[in-house]
2 protein chains.
Amino acid sequence: MDADRPPASEVTDAELAVLKALWRRRRATIRELTDELYPGGGASHYATVQKLLERLESKGCVGRRRHRRVNVYRPRVDRRTLIARRLQATADRLCDGSLAPLLSHLVGAADARQLSDRDLAALRALVGRLEEDGAGGEGR
Amino acid sequence: MDADRPPASEVTDAELAVLKALWRRRRATIRELTDELYPGGGASHYATVQKLLERLESKGCVGRRRHRRVNVYRPRVDRRTLIARRLQATADRLCDGSLAPLLSHLVGAADARQLSDRDLAALRALVGRLEEDGAGGEGR
DNA sequence: GGATCGTAAGACAGCCTGTCTGAGATGTCA
DNA sequence: TGACATCTCAGACAGGCTGTCTTACGATCC
């Protein structure tokens, strides 16, 4: 019983640009996206966006609904989901599926002050939660 | 004298298999790698490994030295470097370059006990350090 | 009825990836 | 010396992916 998660072959750069625009607006037509991504673009740019959306749809990243004869697209995955997929893919490729080495590296990067103050605050909050869990039972 | 780090276009699957074999042995000839990766493989597999090594070299991932007329290859990047590159690439694509969201996700995945005790300890230590530093200001 | 806008299907070139071929240099051994 | 094996180097090649673009067609509106 897999929650049909097609291995989601990576989202490409151009596709990602469309998806990001869709994240900003929560829904949009091809026309709206074309106007945003290719200001002053013509029919061919329109078709490009159309094709990218078609591929995003086949990857399960966007959905569409007809509204007055026009397709209205909306995202079906959010940024965090894409991050999670990519991190897991990285772990699978490089660490036999374990996420720990990735975390280990990021902790090192934090040392090198690659994190903003805001990032650090978020991290402190997360670790605070983690410490509570750690102190509590480890039943689950 | 630019530390010309070519953005290191991603290492592909087949290339990674060669690189992993090179990580295990610390150096190896094409012949040795071919025997390991394509047991009983013929001349064409030999050439495949050779081509993959050539591309890895152009990506700065392996180096070679002639030893008695034969090229001996050795890795020039380790697993952690590749992890770092990939995490940064993910951050660039999805998080405007910030590593924090990645860390955030991993910490979330962490209390699913994917982390070793050592990782947790490192994380706590990091936070401890951050709390100390946090009070004082830093250069940037 | 014609202009305008949207959909749908697919053609296309360029790149990447993995595989493979061939030519040439060098070393070994009978 | 000459046959043979082994290695290097250069490059061909097909298949897939990516981004772009063309065309055909249907609906809508004045």
Side-chain angles (χ1 to χ4, degrees), chain A residues 6-22 27-74 82 85-86 89 93, chain B residues 6-22 27-74 82 85-86 89 93:
Chain A
S9 64
E10 283 307 331
V11 173
T12 69
D13 285 343
E15 287 164 6
L16 186 58
V18 172
L19 191 50
K20 281 179 175 176
L22 258 191
R27 69 189 69 81
T29 62
I30 298 176
R31 172 64 54 200
E32 292 166 337
L33 292 170
T34 304
D35 288 347
E36 173 171 342
L37 296 171
Y38 301 88
S44 56
H45 288 122
Y46 182 97
T48 296
V49 173
Q50 184 180 33
K51 176 61 71 180
L52 295 173
L53 282 167
E54 174 192 319
R55 290 175 182 160
L56 280 169
E57 186 180 20
S58 78
K59 292 177 182 177
C61 294
V62 307
R64 62 172 151 163
R65 258 186 8 195
R66 277 192 122 88
H67 185 58
R68 292 172 65 78
R69 283 252 151 264
V70 177
N71 284 324
V72 177
Y73 290 82
R74 61 174 67 206
L82 247 49
R85 282 184 191 173
R86 195 153 178 101
R93 278 170 59 91
Chain B
S9 63
E10 282 307 331
V11 173
T12 69
D13 286 342
E15 287 163 6
L16 186 57
V18 173
L19 192 50
K20 282 180 175 175
L22 258 191
R27 68 189 69 83
T29 63
I30 299 175
R31 173 63 55 199
E32 291 166 337
L33 292 171
T34 305
D35 289 346
E36 173 172 341
L37 295 170
Y38 301 88
S44 58
H45 288 122
Y46 182 98
T48 296
V49 173
Q50 185 179 33
K51 176 62 70 181
L52 294 173
L53 281 166
E54 174 192 319
R55 290 175 183 162
L56 280 169
E57 187 180 19
S58 79
K59 291 176 182 178
C61 294
V62 307
R64 62 173 152 162
R65 258 186 8 195
R66 278 193 122 87
H67 185 57
R68 292 172 65 75
R69 283 254 150 266
V70 176
N71 283 326
V72 177
Y73 290 82
R74 61 174 65 207
L82 246 50
R85 283 185 191 172
R86 196 154 176 97
R93 277 171 59 89

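Regarding B/Asp13, its CG atom lies at a distance of 6 Å from the P atom of C/dG18, rounded to whole Å. When rounded to the nearest whole Å, the span between CG of B/Leu52 and C1' of D/dC9 equals 15 Å. Counting to the nearest Å, the P atom of C/dG27 and the NE2 atom of B/His67 are 14 Å from each other. In this entry the distance linking CG of A/Leu16 with C1' of D/dC17 reads 17 Å, nearest Å. To the nearest angstrom, C1' of D/dA10 lies 8 Å from CD of B/Glu54. To the nearest angstrom, P of C/dG18 lies 13 Å from CG of B/Leu19. Rounding to whole angstrom units, CG of residue A/Leu53 and P of D/dG19 are separated by 13 Å. Spacing between atom NZ of B/Lys51 and atom P of D/dT8 amounts to 14 Å, rounded to whole angstrom units.
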Report task. Take B/Glu10 and B/Arg86 through the test side-chain contact (heavy atoms from CB on, under 4.5 Å) and record every step on the way to the result. Result -> CA-CA 8 Å; B/Glu10 282 307 331; B/Arg86 196 154 176 97; 3.1 Å; yes
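Distances shown here put every side-chain N or O of B/Arg64 at or beyond 4.0 Å from the OP1 or OP2 atom of D/dC7. Within the 4.0 Å cut-off from OP1 or OP2 of D/dC7, at least one side-chain nitrogen or oxygen of B/Arg31 is found. Taking 4.0 angstrom as the limit, A/Arg69 places none of its side-chain polar atoms (N or O) nearer than this to OP1 or OP2 of D/dG26. Side-chain N/O atoms of B/Tyr46 include one lying less than 4.0 angstrom from OP1 or OP2 on D/dT8. For the OP1/OP2 pair of D/dT20 and a distance below 4.0 Å, the side-chain nitrogens and oxygens of A/His45 include no atom meeting the criterion. Side-chain N/O atoms of B/Asn71 include one lying less than 4.0 angstrom from OP1 or OP2 on D/dT8.
Counting non-hydrogen atoms under 4.0 angstrom, B/Arg66 reaches the backbone sugars and phosphates but no base. Here B/Ala47 lies in heavy-atom contact (under 4.0 Å) with a base. Using a 4.0 Å heavy-atom criterion, one finds that A/Gln50 contacts the bases of the nucleic acid, with or without backbone contacts as well.
Annotation: side chain of A/Thr12 is in contact with side chain of A/Lys59 (closest heavy-atom distance under 4.5 Å).
To the nearest 0.5 Å, atoms OG1 (B/Thr29) and OH (B/Tyr46) are separated by 7.0 Å. If you take OH on A/Tyr73 and CD1 on A/Ile30, they are separated by 4.0 Å, rounding to the nearest 0.5 Å.
Residue A/Thr12 places its side chain closer to D/dT18 than to any other of D/dT8, C/dG18, D/dT18.
A donor N or O paired with an acceptor N or O is found under 3.5 Å between the base of C/dG18 and the side-chain atoms of B/Arg55.
Nucleotides of DNA chain D nearest to B/Thr29 and A/Ala14 differ in position, and the one nearer the 5' end is that of B/Thr29.
Of the options A/Leu52, A/Val18, A/Leu19, a side-chain contact (heavy atoms from CB on, under 4.5 Å) to A/Leu33 is made by A/Val18 and by none of the others.
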